[in-house]
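One structure is given here, and the rest of the page talks about it.
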Amino acid sequence: EAEVAQSPRYKITEKSQAVAFWCDPISGHATLYWYRQILGQGPELLVQFQDESVVDDSQLPKDRFSAERLKGVDSTLKIQPAELGDSAMYLCASSFRGETQYFGPGTRLLVL
Amino acid sequence: AQSVTQPDIHITVSEGASLELRCNYSYGATPYLFWYVQSPGQGLQLLLKYFSGDTLVQGIKGFEAEFKRSQSSFNLRKPSVHWSDAAEYFCAVGSPDSWGKLQFGAGTQVVVTP
């Protein structure tokens, strides 16, 4: 069964450092989503791609977060500089036509 | 704006007993509705979904959910829980006209006792 891949699974960094997360969606899925999940809460959408284009980044803190999906396949989410409040699980999901989303295992970020 | 409410933050259930998790949503039309399950430190796994048609939806792991338009609810049920059902459960609502953007509830933590 095809799955969404994410790496790394865990990341510990110090505040003010840069971090990057990678996501490879299910093959053929045009829509890709990055979510942030703070402990004890539901996921919140950060950015949504349709192929290589951003269709929603209204909740992305653009002063420090950036996301790209250059060839419309895999994607990278970057934080620079990281802050203590960025400690969370970062989830990637993909869907074929924007209907059902399938999630990867996530990247757990701890900022010290 | 769409929203999702899961009234129960935490539920404890005995193994073999039935389980019902509540979900209420706010949306102007009929949304897409989903239930996901998350084990500690893991991603979200899709249990079931409702787009249209039969309001009783069957999912994986013996779960089912019923869409009730009049109550704006999409409650999840399982007749007999197993210890492996201990996890966090999230209800989500999606808009058919916004590229599938999902709004999640805060989740319900399920603890299964022997």
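Just so it is clear: chains get the letters A, B, ... in the order the sequence lines come, proteins before strands, and each one is counted from 1. Note that this is a predicted model, so its numbers are computed, not measured.
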Problem - Toward chain B, the part of Gln37(A) with a non-hydrogen atom under 4.5 Å - result: side chain
Practice task
Taking atom CD of Gln109(B) as the centre, report whether more than 12 heavy atoms of other residues, nucleotides or ligands fall under 6.0 Å from it.
Solution key: yes
Exercise for the section: Take atom NZ of Lys62(A) as the centre, draw a 6.0 Å sphere, and report whether it contains more than 12 heavy atoms from other residues, nucleotides or ligands. Expected result: yes
Closest approach of [X] and [Y], non-hydrogen atoms and distance?
{"X": "Glu99(A)", "Y": "Phe34(B)", "answer": "O-CZ, 3.6 Å"}
{"X": "Gln42(B)", "Y": "Met89(A)", "answer": "O-CE, 4.0 Å"}
{"X": "Phe103(A)", "Y": "Leu44(B)", "answer": "CB-O, 3.4 Å"}

Is there a path of hydrophobic side-chain contacts, each under 4.5 Å between heavy atoms of I/L/V/M/F/W/Y residues, joining [Y] to [X]?
{"X": "Leu60(A)", "Y": "Tyr33(A)", "result": "no"}
{"X": "Tyr90(A)", "Y": "Val54(A)", "result": "yes"}
{"X": "Phe51(B)", "Y": "Leu48(B)", "result": "no"}
{"X": "Phe65(A)", "Y": "Val19(A)", "result": "yes"}

Fill in the blank from the handout: Under 4.5 Å to a heavy atom of chain A? For Gln38(B) that would be side chain
Practice task
Could you look at Leu102(B) and say if it's the side chain, the backbone, both or neither that has a heavy atom under 4.5 Å from chain A?
Solution key: both
Completion exercise
NZ (Lys101(B)) and CG (Leu45(A)) are apart, to the nearest 0.5 Å, by 6.0 Å
